[in-house]
Amino acid sequence: MDSKLYIYNTLSREKEIFIPIHPKHVGLYVCGPTVYGDPHLGHARPAITFDLLFRYLTHLGYRVRYVRNITDVGHLENDADEGEDKIAKKARLEELEPMEVVQYYTDRYHQFMDELNVKKPSIEPRASGHIIEQLQVVDTILNKGYAYESNGSVYFDVAKYNNDYHYGKLSGRVIEDLLNATRSLDGQTEKHNSFDFALWKKASPEHIMRWPSRFSDGFPGWHLECSVMSAKYLGDEFDIHGGGMDLLFPHHECEIAQSTIANGKMPAKYWMHNNMITINGQKMGKSLGNFITLEEFFTGSNSLLSMAYSPMTIRFFILQAHYRSTVDFSNEALQASEKGLVRLMDAVNNLNKVKPSNSSSFDVNMFKEKCYAALNDDLNSPVLISHLFEAAKAINSMIAGLMMITADDLEKLKTLVGLFVFDILGLKQTVAETNANNEVLNEVVSLLLKLRGEAKANKDFVTADKIRDELLKIGFVIKDGKDGATWELK
RNA sequence: GGUCGGUUGGCCGAGUGGCUAGGCAGCGGUCUGCAAAACCGCGUACGGCGGUUCGAAUCCGCCACCGACCUCCA
C-alpha cells in the first residue's frame, strides 16, 4: 500500500506522489465514449490506459471505484425534412429510435472492450439517465449567479467565474487569448461571450433527443454530465479524473468551472490525460475520417491494413508506448508488436519447462523491484515490458541450460510474471495457446512427435519431415530442442 | 494568429547530466540431419546552430520541421 506511485498531474504539469483522499479507497472517473459510431483505435487507448491504472491500483490493495460514463445525449440529429422524396420518406419510416442507436453502439463498445480484455468499470452511468440531476445543477449554478438564461438556453458565465476563480488552471488557457480566438459559431448571439458554454441547450426542431425543462425542451450541455455523474458516484471531491488529451480543453476546464461553483470544490485531485494515436503523423479521429475501427483491425478489413491484428496485439502495441506519448500506427509497428508478444508469451509458457537448480543466476528480487519501479513511475508500461523481455531471455537461457534458478526463485518468478503479464498488463493467452493446454490434444500431438523422433533416430528424415510439414499445415509449429521436440499452435 | 507538446539508430519506442532500455527487421555465430525456435555477438542513434559544464540525447538560447488544442472528437 505504501507503493510510492507517482502519476503525472496535468494540473501541476509534474509527476506527483499519489496519495488518496480517503486511505485505501480510490475514486476514479474517466470520460467514456460518445456512442454514435463504431469504436476505433482511438477509443482503445484511454480504455487500456485507465484499465492499466485500475488494475494496478487494485493490485496495490486499494478499493477502487471506477466510473466511466457513456455519453448518449446531444449528438443525434434528424436530417429528414418535409420533402416528398420517397426515399427520404422510407428512410424516415425505417429510422432508428435514438436510443436504438445508443444501444447498438454501446453494445459494440462493450464487445470490443471485452476483446481487448479491458475490465468493466465499477459504474458506467449514462448521461441520458441523469437529466434530472443535471437540471438540478443548472439551477444551483443559476442560483449562485454564475449562469444566465438566454432564449431558452442556459450558459455558464465564464467571465464572472474567472473574476472569482481561475478559468484555465488546467489547460493553461488565458481568457484574453480566448477572446482573440473568437470565431463565429451557432448560438453566438445568445452568449454574452464566445467562451461561455451551454449548461442547457434549447433543442432546435431537428434535434430528436430532448427533455422538458422550465427553460425549454432541450438537452443538457456538453460538459455537464461528467460534473454531475462524477459527483453523484464519487463525491464532490475524488482522486483521479482521466480522459484523452483532446478533452483537456474545453471539456475538462469547463467541468472544473461547473463543479467548482456547484459543489464549491475542485472535483478531482489528479488529472490524467492520455495522448493520441496518430496515423501518418496525424491524430486518428472521427472528424478527420482517418480512423480504423477495432472491428477492422480484428478482421483486417481496411485498405490501410496489410493483415488482421488480434486484440492482444493491439493491446500490447498500445502498452508498448507510454500513455502520455503519441503512438504512431503503422503495419510495420503492429507486426513488430505481434512478434514481440509471441516471444513474450512463449517465454511465459516456457516457465513450466524450467528445471530448478541449486543456485540462481537470475536476480528475481531485482527483477521485481525494477518492474514495480517502472509502474510507479507514472505507469511506465514500456519500461515494464522491457524488463519482462529481459526475464523472457533469462527463462529461455534457463531452458538452454545457460542460466540457473532455484526452486524457490522459480516459484517467485512464475508468480511475478503472471502478476505483471496477466493481472496488471491485462494480456491474455490466445485461443491457440489455450488449446495447447488441452490435455487430449497434447497427448495426440505428443504421440506424433514421438513417432517423428523415432523416424529421426532411424535417419528416416523423409518421414520425420513429413510429420513436421503436415503438422505445420494444420497450424502446429514444431520446435526441436535438446530434450526432444515441443510444439505450439499458430 | 494564440497556447502547449514533440523531433532518438532501417522501423517502433524508453530514457533527462557520465553507467548496453526493450521489441521488430538486418548481419555473423552456436545448436540442429535440415529448417524453425532458442542462445551468443554486431550495428555505436539522439533535428540544426550556439551556449553552460570536466562531461549533454538529457540543461539554456535561437532556428527549422511536425503535431495537438483553440469547434464535435479518446
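A:G340 comes within 4.0 angstrom of the backbone, heavy atoms only, and of no base. Looking at heavy-atom distances under 4.0 Å, A:Q335 makes no contact with the nucleic acid at all. Across all strands, A:M245 comes closer than 4.0 Å to no nucleic acid atom at all (heavy-atom distances). Within the nucleic acid shown, A:F389 comes within 4.0 Å of sugar-phosphate atoms alone, with no base atom in reach, counting heavy atoms only. Looking at heavy-atom distances under 4.0 Å, A:I277 makes contact with a base.
The nucleotide B:rC49 finds its pairing partner in B:rG61, both defining distances of the Watson-Crick or G-U wobble pair being shorter than 3.5 Å. When both pairing distances are held under 3.5 Å, B:rG26 makes a Watson-Crick or G-U pair with B:rC42. B:rG67 and B:rC4 make up a base pair, with Watson-Crick or G-U wobble contacts both under 3.5 Å. Here B:rA37 sits opposite no nucleotide as a Watson-Crick or G-U wobble pair (both hydrogen-bonding atom distances under 3.5 Å). In this structure, B:rG55 makes no Watson-Crick or G-U wobble pair, since no nucleotide meets both defining distances under 3.5 angstrom. Under the Watson-Crick or G-U wobble criterion, with both distances below 3.5 Å, B:rU16 is left unpaired in every strand shown.
Taking atom P on both nucleotides, B:rG9 is separated from B:rG5 by 23 Å, rounded to a whole Å. Using C1' as the reference atom, B:rU44 and B:rG2 are 42 Å apart when rounded to the nearest Å. When the P atom is used for both B:rG55 and B:rG23, the distance is 34 Å, rounded to whole Å. One C1' atom belongs to B:rG48, the other to B:rA64, and the distance between them is 7 Å to the nearest Å. Distance check on atom P: B:rU7 versus B:rC59 gives 11 Å, rounded to whole Å. For the C1' atoms, the distance from B:rC63 to B:rU71 is 32 Å, rounded to whole Å. With both ends at atom P, the span from B:rU58 to B:rG15 equals 15 Å, rounded to whole Å. On the C1' atoms, B:rG17 is 10 Å away from B:rA57, given to the nearest whole Å.
For A:K283, a side-chain nitrogen or oxygen approaches OP1 or OP2 of B:rC69 to under 4.0 Å.
Centroid-to-centroid, the aromatic rings of A:Y233 and A:H130 come within less than 6.0 Å. A distance of 6.0 Å or more separates the ring centres of A:Y56 and A:F420.
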Exercise for the section: List the steps, then state whether side-chain hydrogen bond (donor to acceptor under 3.5 Å, both in side chains) holds for A:N350 with A:K353. Expected result: CA-CA 5 Å; A:N350 283 344; A:K353 300 173 194 159; 3.1 Å; yes

Problem - From CA spacing to verdict: side-chain contact (heavy atoms from CB on, under 4.5 Å), A:R452, A:I478 - result: CA-CA 11 Å; A:R452 175 166 169 266; A:I478 307 307; 3.5 Å; yes

Practice task
Let me see the working for A:N458 and A:E454 under side-chain hydrogen bond (donor to acceptor under 3.5 Å, both in side chains), right down to the final yes or no.
Solution key: CA-CA 6 Å; A:N458 296 330; A:E454 285 168 12; over 6 Å; no

Handout entry: Criterion ring-ring contact (aromatic ring centres under 6.0 Å, His included) on A:F297 and A:F329, from CA distance to verdict
Key = CA-CA 11 Å; A:F297 273 105; A:F329 154 83; 5.7 Å; yes

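Here the CG atom belonging to A:L341 is positioned 12.0 Å from the CZ atom belonging to A:R343, to the nearest 0.5 angstrom. A distance of 10.0 Å separates NZ of A:K459 from NZ of A:K456, quoted to the nearest 0.5 Å. Rounding to the nearest 0.5 Å places CG of A:L199 at 10.0 Å from CH2 of A:W222.
Taking atom CZ of residue A:F249 and atom P of nucleotide B:rG2, one finds them 17 Å apart after rounding to whole Å. Nucleotide B:rG22 holds its C1' atom 16 Å from the CZ atom of A:F420, rounded to whole Å. One interatomic measurement links the two molecules: CG of A:D246 to P of B:rG67, which rounds to 17 Å at whole-angstrom precision. In this structure, the CE atom of A:M276 is 18 Å from the P atom of B:rC4, given to the nearest Å. Atom CG of A:L334 is separated from atom P of B:rG23 by 18 Å (rounded to the nearest Å). B:rC70 atom P lies 15 Å from atom CZ of A:F197, rounded to whole Å. Rounded to an integer number of Å, the gap from CG of A:N274 to P of B:rG67 is 20 Å. Separating the CD atom of A:E338 from the P atom of B:rC24 is a distance of 12 Å, rounded to the nearest angstrom.
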Fill in the blank from the handout: Letter by letter from the 5' end, nucleotides 34-44 of chain B scores (B base, S sugar-phosphate only, - none; protein heavy atoms under 4.0 Å) BBBBSSS----

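When all heavy atoms of A:H241 and A:F238 are compared, the closest pair comes out as ND1-CZ, 3.8 Å.
Take the nearest nucleotide of RNA chain B for A:G172 and for A:A464: the residue whose nucleotide is more 5' is A:G172. Residue-to-nucleotide proximity on RNA chain B shows that, of A:L288 and A:H251, the 5′-proximal contact is made by A:L288.
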N/O to N/O distances under 3.5 Å, protein versus nucleotides 7-15 of chain B:
from: B:rC11; atom 1: O2'; to: A:E332; atom 2: OE1; distance (Å): 3.3
from: B:rG13; atom 1: OP1; to: A:D328; atom 2: N; distance (Å): 2.9
from: B:rA14; atom 1: OP1; to: A:H322; atom 2: N; distance (Å): 2.5
from: B:rA14; atom 1: OP1; to: A:S325; atom 2: OG; distance (Å): 3.1
from: B:rA14; atom 1: O3'; to: A:N380; atom 2: ND2; distance (Å): 3.4
from: B:rG15; atom 1: OP1; to: A:N380; atom 2: ND2; distance (Å): 3.0

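For residues 377-397 of chain A, there are no ring pair (Phe, Tyr, Trp, His ring centres under 6.0 Å) pairs, not counting sequence neighbours.
In this structure, A:F50 and A:Y323 have tilted ring planes: the angle between them lies in the 30° to 60° band.
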